[in-house]
There are 2 protein chains.
Amino acid sequence: MAMTLKDVAARAEVSIATASRSFQRPDLVGEATREKVLAAAAEIGYSPNRSARALITGRSGVYGVIVPDLENPFFPAVLKGAQARAHQLGAQLLITDAGEAPDGELPLVRTLAPQVDGIVLCSSRMDEGVLREAARLVPLSLVNRVSPVLPGVFADPVPGIPSAIRHLHRMGHRHLGYVGGPSISRSDSVRRTVIERVCQEIGMEWTDIGSFAPTVEGGRRGAEALLLTEVTAVLVYNDFMALALMERLRGFGVDVPGEISVVGWDDIEFSALVTPGLSTVQVPRYDMGVAAVDLLHDGDVHAGARADGGDGEHGAEGPDGGSSAHARLGLPTRFVPRGSTAKVVVRE
Amino acid sequence: MAMTLKDVAARAEVSIATASRSFQRPDLVGEATREKVLAAAAEIGYSPNRSARALITGRSGVYGVIVPDLENPFFPAVLKGAQARAHQLGAQLLITDAGEAPDGELPLVRTLAPQVDGIVLCSSRMDEGVLREAARLVPLSLVNRVSPVLPGVFADPVPGIPSAIRHLHRMGHRHLGYVGGPSISRSDSVRRTVIERVCQEIGMEWTDIGSFAPTVEGGRRGAEALLLTEVTAVLVYNDFMALALMERLRGFGVDVPGEISVVGWDDIEFSALVTPGLSTVQVPRYDMGVAAVDLLHDGDVHAGARADGGDGEHGAEGPDGGSSAHARLGLPTRFVPRGSTAKVVVRE
DNA sequence: CTCTACAGCGTAAACGATTGCATCCACAGT
DNA sequence: ACTGTGGATGCAATCGTTTACGCTGTAGAG
């Protein structure tokens, strides 16, 4: 049923080798011959057997993607970007939800490693040591996580957070709160730093409301903690939590944005859908997916010296500069004002 | 670096064939020998090369999944179920978003077909003819779509819809509306039929508000059309649209559930999160994913006579009954009451 | 004691592609 | 006319597994 290279070769009256080369190394084949082969292939509807190719080249043309939870609306957009890019590169994506791997992501990486050319790890919770171990098994590319030794892409709080704070400042807010995510989260601490700096600059007081789980429940807890403070506006770790927080505030009879302004992070689709619309910092999820796959791909095009392992303690950038070493890409964010932020009102 | 069967065989002092058989056909190998092989494999950390295996068996151990849009919150849960089951079966999932294939899903099926053992098609929009063509390329399993000749799993409106209608009836509603999805959608017409029947039974009037795109925009249009009628309650094609519809109604100053009660379909996570909570018909998405993969797997375990193609006009179930032929599974739905439905109020 | 049967194991041929190497031919340089 | 050059092509090995087939030895039947 399925057509093989042999069939193509027979039809084009050339050897299998020539047929193969017509695809792989067109420059090594005479023009007339190549066209004959290509025509023959098209006529019989040939498509190469990936298994056979993978067997000999050792490359499967498949990248793995591990996400902590597919139902978290952050990831589908990343996956779309990743997939689009993968398709452009002629690769496929093996998507895996880590949720069901209670003992962590490492076993998953182990399972996937032999059958993929690289893995995109999204919002990985592995600690640095485990991460390095994983990286020895297979090329890795990080999304939403930074590592000093691995390539990755993350959302830069700038200029999104500064814009949001300035927006709130102009609305008259003078006391800002931050409802944070898991304290281990690197991005969380980065954001705190940026908030600190910007507030300092424009003269805004800010209060750390605390660290919460990035879930509906966490958002609710955040709302409760928030009401113990005097803030008139909050930045929340992500939209999911922000939405839950608003919901909880409403439960308390606290009006948003009348009494408290809320700003999320991510700009998931629902944020525009609810009432009031959630003002938020938009992160370029699609582009992050694209970039993550690019990183992986660039990595194994340059290929070669992945031999030295990874336990080297010399974290220095390669002396040859350029695109070498691991790339860490910070993609800019953007503040999107909606209905959940408004002018502060003076309490009577 | 990677260990092969040859290494295992050498270490266990047997031939490669015996090593292979120890895994594939343990019954053909002496017990002592088998244990020696297994031990050797464990010691050197052998894991079979999937490409080599696929090459000779013609089966890749990978199932494809095609979803129309990953960002539609309906699908991630299906994927989770599918993935869980696939893992149990030792298979992997190749997930693909059809969104970027403007010319339809068929080309995608063509691309995927050679490298997978079967494809789960979610909410496919292909028409029956195209569907059959696709089915000739590769085993198919349908989610959210029924075909007379293909196996598939769908959400049975019963008992969800009847429960919802009875609930509304008890709340005093006597005039129900239905905001439908794409008119080509088979499930849409099935639901209409059920609504018709139930309304007849309990004496409720109902109005078909029309067919709309299953998007935010479609939901808004539905709200607008809805306001031209006298209904006091609506069933909406899915939660996504229902949420958008509620949002739009609110824009018009129409209170939900004060003036109009709204019932969705799917029970996506956000439906519980918004205010008021969206009453909805919960569909067992996870289980649907599980079942879809099962159908695929059962199909190629029985394997064998897939030769007769599929253009047979005799839609009759195989005479031998049992699990033969294609299975069509209707999974039961459940009504989940929340804040968006309430007692009808008499207009003054 | 011979013959059959079968369990247990090895040999070797696939599977479909890639690729180093050898071959062939034409053409140009001397 | 002979040889060197290099472009175009074919041969054949190879990747790691699976599996049809054949061989061996032992046990039970006659």
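The model shown is predicted, which means the values in this text are computed figures rather than measured ones. In what follows, chains carry the letters A, B, and so on, assigned in the order in which the sequence lines appear, proteins first and then strands, with residues in each chain numbered from 1.
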List, with names and distances, any nitrogen or oxygen atoms from the protein found under 3.5 Å away from nitrogen or oxygen atoms belonging to nucleotides 17-24 of chain D.
| from | atom 1 | to | atom 2 | distance (Å) |
| --- | --- | --- | --- | --- |
| D:dT17 | OP1 | B:Tyr46 | OH | 3.0 |
| D:dT17 | OP1 | B:Asn49 | N | 3.2 |
| D:dT17 | OP2 | B:Leu5 | N | 2.4 |
| D:dT17 | O5' | B:Tyr46 | OH | 3.3 |
| D:dT18 | OP1 | B:Gln24 | NE2 | 3.0 |
| D:dT18 | OP1 | B:Arg53 | NE | 3.0 |
| D:dT18 | OP2 | B:Ser20 | OG | 2.8 |

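Around atom CD of A:Gln88, more than 12 heavy atoms belonging to other residues, nucleotides or ligands sit under 6.0 Å away.
Evaluation of the side-chain hydrogen bond (donor to acceptor under 3.5 Å, both in side chains) rule for A:Asp294 yields A:Arg85 as partners, not counting sequence neighbours. In this structure, B:Asp7 has no salt bridge (charged side-chain N to carboxylate O under 4.0 Å, His left out) partners at least two apart in sequence or on a different chain. Under the side-chain hydrogen bond (donor to acceptor under 3.5 Å, both in side chains) criterion, A:Glu133 pairs with A:Arg110, not counting sequence neighbours.
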Which pairs would a plain distance check flag for residues 14-25 of chain A, meaning a side-chain donor or acceptor within less than 3.5 Å of a matching protein atom at least two apart in sequence or in another chain?
| from | atom 1 | to | atom 2 | distance (Å) |
| --- | --- | --- | --- | --- |
| A:Ser15 | OG | A:Ala17 | N | 3.4 |
| A:Ser15 | OG | A:Thr18 | N | 3.3 |
| A:Ser15 | OG | A:Thr18 | OG1 | 3.2 |
| A:Ser22 | OG | A:Thr18 | O | 2.8 |
| A:Arg25 | NH2 | A:Asp27 | OD2 | 3.4 |

Side-chain donor-acceptor distances from residues 119-126 of chain A under 3.5 Å, at least two apart:
| from | atom 1 | to | atom 2 | distance (Å) |
| --- | --- | --- | --- | --- |
| A:Ser123 | OG | A:Asn144 | ND2 | 3.3 |
| A:Ser124 | OG | A:Glu105 | OE1 | 3.1 |
| A:Ser124 | OG | A:Met126 | N | 3.2 |

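In terms of modelled atom types and a separation under 3.5 Å, the side chain of A:Asp117 and the main chain of A:Ser60 share a donor-acceptor contact.
D:dT9 atom P lies 12 Å from atom CG of A:Asp27, rounded to whole Å.
Each end of the helix from C:dC1-D:dG30 to C:dT30-D:dA1 gets its own axis from five base pairs, and the two axes differ in direction by 60°, given to 10 degrees.
With rounding to the nearest 0.5 angstrom, the CG atom of B:Asp127 is 10.0 Å from the CG atom of B:Leu106.
The salt bridge (charged side-chain N to carboxylate O under 4.0 Å, His left out) contacts involving residues 48-57 of chain B comprise nothing, where partners must be two or more places apart or lie in separate chains. Every pair tested for ring-ring contact (aromatic ring centres under 6.0 Å, His included) that includes a residue from residues 129-154 of chain B fails, sequence neighbours excluded, so the list is empty. Residue pairs meeting the ring-ring contact (aromatic ring centres under 6.0 Å, His included) criterion with at least one partner in residues 116-151 of chain A, sequence neighbours excluded, do not occur; the list is empty.
The span of DNA chain C lying next to chain B, judged by atoms under 4.0 Å from heavy atoms, is bounded 5' to 3' by C:dG8 to C:dG16.
Contacts between residues 29-42 of chain A and DNA chain D, defined by a heavy-atom separation under 4.0 Å, are made by A:Val29, A:Gly30, A:Thr33.
Considering all non-hydrogen atoms of both residues, A:Glu71 and B:Ala77 come closest at OE1-CB, 3.7 Å.
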